[in-house]
Peer 1: 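This is the structure I have questions about; it appears just below.
Lettering follows sequence order; numbering is per chain, from 1.
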There are 2 protein chains.
Amino acid sequence: MKLQAPSHEEHAMPVDLRMTPQRSVVHEVLRSSFDHPTATEVFLRSKDRMSTISLATVYNCLDALIEHGLIRQVNVDRDSSRFCANLNDHVHFHCEQCGVMMDADPIEKLDVTKFWKLPQGCQVTEPAIAIRGLCPTCVDKNQKVASR
Amino acid sequence: MKLQAPSHEEHAMPVDLRMTPQRSVVHEVLRSSFDHPTATEVFLRSKDRMSTISLATVYNCLDALIEHGLIRQVNVDRDSSRFCANLNDHVHFHCEQCGVMMDADPIEKLDVTKFWKLPQGCQVTEPAIAIRGLCPTCVDKNQKVASR
DNA sequence: GATGAGATCAAGAATCATTCTAATTCAAAA
DNA sequence: TTTTGAATTAGAATGATTCTTGATCTCATC
């Protein structure tokens, strides 16, 4: 049973999602977080706003929000998934030392077929790009240690 | 205690690793596999050559081989890690439908700073790139289903 | 060849993120 | 108000990986 009018298929962001209090809280937590929290971190922050919410519900809400294009899931290696409410086209910079994750906005569109020879007959959906390195804080930290 | 002469630091592939029968088997399994098997798959294939080998040992051997640069670990999302004996510079194409993973060789080097605005002060180590899409087999399969 | 120290191996327990299950609650349509 | 399917919840289950511990092996030296 559809609870709201179905979204237009051609839109990137469907809206036929029942906005329950729990889903609102999870969404709001992510929209006010800039550090790409894990599910457990989202759960802890959600509890501040709704003390009865459970971890299972947070997982359910994250799934629903992802499915409806309201948030994005970010994976780097096999670390816990992280979540992100920035829907603009962007990739993630991941600090190998402290694990912090930062958004990096595109300058120009990458055509993967210009850079890699794909096996004959493949259909590309999307490249998954994570840029690894050291964040400014860790670069500083290492310099101080090195100069002692 | 060093068991063999230390490798030259400037070489990409250190060799001071004791090549035990178990490590040889795991390495050989990977060198003769072109499908990027998971640890469990490596374990099953290794048992054909050495029936007494354990999963724990396969994990230990994989770690040792990675640490010494003889194989590479490949992660896509939070799926089980896969392993790869192709040491040439390459990225991975991952089929979203059947999960198969294929190597894609580079045409030219990608300078990530040309394509994305990194946060001020970041030091880039390496981009982690996985290209998602449909493999030729799944493209075919879908066409047949669609044309019925 | 025997010995000792450290490396490696193996089995099973432990961990941890995530998913599943089943019972309960809720919200919108009839 | 009743019905019906969806959402929530707590806790169990899953599954990949890591840890622990004791046994075994290897090499350098005696």
Peer 1: Does a side-chain N or O from A:Gln22 land closer than 4.0 Å to OP1 or OP2 of C:dC26, or not?
Peer 2: no
Peer 1: Give every residue pair that meets the salt bridge (charged side-chain N to carboxylate O under 4.0 Å, His left out) criterion with at least one member in residues 75-87 of chain A, sequence neighbours excluded.
Peer 2: A:Glu41-A:Arg82, A:Asp77-A:Arg132
Peer 1: Would you tell me if any nitrogen or oxygen in the side chain of B:Thr20 comes within less than 4.0 Å of OP1 or OP2 on C:dT8?
Peer 2: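 False: B:Thr20 side-chain N/O out of range (4.0 Å or more) of C:dT8 OP1/OP2.
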Peer 1: Taking only residues two or more places apart in sequence, or in another chain, which ones meet A:Thr125 in a side chain to side chain donor-acceptor pair (under 3.5 Å)?
Peer 2: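 So A:Thr125 forms a side chain to side chain donor-acceptor pair (under 3.5 Å) with B:Glu96.
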Peer 1: Just how far, in rounded Å, is P of D:dT8 from CG of A:Leu17?
Peer 2: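 About 9 Å, once rounded to whole Å.
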Peer 1: Give the rounded distance in Å between these two atoms: CD1 of A:Ile66 and P of C:dT18.
Peer 2: 10 Å
Peer 1: Take the protein atom CG of A:Leu55 and the nucleotide atom C1' of C:dC20, then report the distance between them rounded to whole Å.
Peer 2: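 The answer, rounded to whole Å, is 13 Å.
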Peer 1: If only side-chain N and O atoms of A:Arg23 are considered, is one of them under 4.0 Å from the OP1 or OP2 phosphate oxygen of D:dT8?
Peer 2: yes
Peer 1: Could you work out, with side-chain contact (heavy atoms from CB on, under 4.5 Å) as the rule, every residue matching A:Ser54, not counting sequence neighbours?
Peer 2: A:Ala56, A:Thr57
Peer 1: Does a side chain donor of either B:His90 or B:Asp105 reach within less than 3.5 Å of an acceptor in the other side chain?
Peer 2: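 The criterion, which ignores hydrogens and geometry beyond distance, is not satisfied for B:Asp105 and B:His90.
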Peer 1: Contact list please: residues 73-81 of chain B against DNA chain D, heavy atoms, distance less than 4.0 Å, in numerical order.
Peer 2: B:Ser80, B:Ser81
Peer 1: Would you mind classifying the nucleic acid contact of B:Thr40 as base, sugar-phosphate or nothing, using non-hydrogen atoms under 4.0 angstrom?
Peer 2: nothing
Peer 1: Which whole-number value in Å describes the distance from A:Asn60 CG to C:dA22 C1'?
Peer 2: 13 Å
Peer 1: Which nucleotide in the set C:dT8, C:dA10, D:dT9 lies at the smallest distance from any side-chain heavy atom of B:Arg18?
Peer 2: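 Selected nucleotide (nearest to the side chain): C:dT8.
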Peer 1: I need the CD-P distance between B:Glu41 and D:dT17, as an integer number of Å.
Peer 2: 11 Å
Peer 1: Any idea which of C:dA11, D:dA10, D:dT18 is nearest the B:Ser54 side chain?
Peer 2: C:dA11
Peer 1: Rounding to a whole Å, what distance do you find between A:Asp63:CG and D:dA7:C1'?
Peer 2: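 Going from A:Asp63 (CG) to D:dA7 (C1'), I get 13 Å.
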Peer 1: Which angle, rounded to 10°, do you find between the first-five-pair axis and the last-five-pair axis of the helix from C:dG1-D:dC30 to C:dA30-D:dT1?
Peer 2: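 It comes to 10° between the two terminal axes.
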Peer 1: With the side chain of B:Ala39 defined as its heavy atoms from C-beta on, choose the nearest nucleotide among C:dC20, C:dC9, D:dT17.
Peer 2: D:dT17
Peer 1: Holding to side chain to side chain donor-acceptor pair (under 3.5 Å), I want the full list of residues that pass it with B:Asp111, two or more places apart in sequence or in another chain.
Peer 2: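 With neighbours one apart ignored, the set is B:Thr113.
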Peer 1: How long is the line joining OH of B:Tyr59 and P of D:dT17, in whole Å?
Peer 2: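 Computing the B:Tyr59:OH to D:dT17:P distance gives 4 Å.
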Peer 1: Check the side chains of A:Asn60 and A:Gln22 for a donor-acceptor pair under 3.5 angstrom, ignoring hydrogens and angles.
Peer 2: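 No.
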Peer 1: In whole angstrom, give the distance that lies between atom CZ of B:Phe43 and atom P of D:dG15.
Peer 2: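 Whole-Å distance recorded here is 16 Å.
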